[in-house]
Amino acid sequence: MNYEMKTKKQVFREGFKDGIPIALGYFAVAFSLGIIARKANFTPVQGFVNSFLNHASAGEYAVYTVVGAGASFIEMAIMTLVVNARYLLMSTALSQKFDSKTSMLHRILVGFQVTDELFAITIKRPGFIEPLYNYGAFAIAAFGWSIGTACGIVAGELMPIRLVSALSVALYGMFLACIMPEGRKHKIVAVLIFISFALSYVATKAPLLSEVSSGTKTIILTVVIASVAAIVFPHPEVEDDD
């Protein structure tokens, strides 16, 4: 059944159904983020709104970290932009799959909803992008993400401080689980991970950098390491079969 033969409700339901497992996974990750948000003095409502507007675990973690460190709004904005820069590439890729008749409003809204998982289920669908499909997937996924953060903050308020600190370590474990498999597959990535750890430690001890806020240090290290890696170890171009 092609897109023209489906009703708008059917397309929306397809997206909603495909978004359910994503929402469940988002809830678990966002719950851990909520623990971090609680330590940065976010309320459940603030955490819910922030998660709804910022659809990235790394981006949110960066926000809560720099807020907890007392960073300025400019530092928060730059850090979020740097950490979430990959979504610019994803949005560009998705833009190639829109029908020429798709309005700019639909294009902007779909771009606003881009996450790693929603990008994956969208890009694999045959034919043009169906905005209603994305809206359906986003509706349930964003709810799972946002309510997970709010629940994590509530739990952080009810639990003893020691337990909150212990659970906050879960997020670091999540990030390790994300980067280590890639490091095992690619030696260059593994080396860069260890270099990042080492430079992060050095930055806390270096005479000049130690006086800079943690948010700014993270921005500097992210840009420098990523830029050097891209120059020294460029990704090989894929040759066309034509």
Side-chain angles (χ1 to χ4, degrees), residues 1-37 42-64 80-81 83-155 171 174-175 177-178:
M1 182 183 293
N2 59 35
Y3 176 58
E4 287 75 14
M5 295 175 60
K6 296 178 183 178
T7 64
K8 294 182 178 180
K9 185 178 294 186
Q10 286 176 316
V11 175
F12 184 88
R13 283 178 176 175
E14 283 184 3
F16 191 90
K17 180 180 178 181
D18 290 346
I20 291 176
I22 295 176
L24 295 175
Y26 278 0
F27 180 89
V29 174
F31 189 90
S32 296
L33 277 171
I35 300 295
I36 302 295
F42 276 71
T43 67
V45 174
Q46 290 172 333
F48 184 94
V49 172
N50 183 54
S51 287
F52 185 80
L53 297 176
N54 188 358
H55 319 137
S57 57
E60 278 200 51
Y61 174 74
V63 168
Y64 299 142
T80 304
L81 176 63
V83 174
N84 292 341
R86 70 186 186 279
Y87 295 122
L88 296 174
L89 301 178
M90 292 183 188
S91 297
T92 301
L94 288 180
S95 69
Q96 308 303 309
K97 292 200 63 178
F98 279 111
D99 185 286
S100 59
K101 298 179 181 179
T102 304
S103 69
M104 181 58 67
L105 178 60
H106 280 311
R107 294 171 186 267
I108 292 175
L109 290 177
V110 171
F112 168 74
Q113 302 166 12
V114 171
T115 67
D116 299 330
E117 293 75 19
L118 295 183
F119 172 82
I121 64 173
T122 301
I123 205 70
K124 73 176 184 179
R125 285 176 66 84
F128 294 117
I129 285 180
E130 305 154 2
L132 285 173
Y133 173 85
N134 291 79
Y135 300 156
F138 175 77
I140 184 63
F143 178 76
W145 183 254
S146 302
I147 199 67
T149 303
C151 288
I153 294 175
V154 171
L171 191 60
M174 179 199 72
F175 281 117
C178 291

Calculate, to the nearest 0.5 Å, the distance between atoms [atom1] and [atom2] belonging to [X] and [Y] respectively.
X	Y	atom1	atom2	answer
Ile22	Leu118	CD1	CG	5.0 Å
Thr149	Phe27	OG1	CZ	9.5 Å
Leu33	Tyr64	CG	OH	6.5 Å

Of all the heavy-atom pairs spanning [X] and [Y], show the shortest one and how long it is.
X	Y	answer
Gln113	Asn134	OE1-O, 3.2 Å
Trp145	Ser51	CD1-O, 3.2 Å
Ala141	Ala23	CA-CB, 3.8 Å
Gly47	Phe42	N-CD2, 4.4 Å
Gly144	Ile147	O-CG2, 3.6 Å
Met90	Val114	CB-CG1, 3.7 Å

Exam field: side chain Lys8 to backbone Leu132, donor-acceptor pair closer than 3.5 Å: no
Any donor-acceptor pair under 3.5 Å linking the side chain of Thr102 with the backbone of Asp99? yes
Considering residues, nucleotides and ligands other than [X], do more than 12 of their heavy atoms fall under 6.0 Å from its [atom1]?
X	atom1	answer
Phe143	CZ	no
Arg107	CZ	yes
Phe112	CZ	yes

Flag the pair Thr43 / Phe48 as yes when at least one side-chain heavy-atom distance between them is below 4.5 Å, and no otherwise. no
Determine whether the aromatic ring centres of residues Phe52 and Phe138 are separated by less than 6.0 angstrom. yes
Tyr26 side chain to Thr115 side chain, donor-acceptor N/O pair below 3.5 angstrom: yes
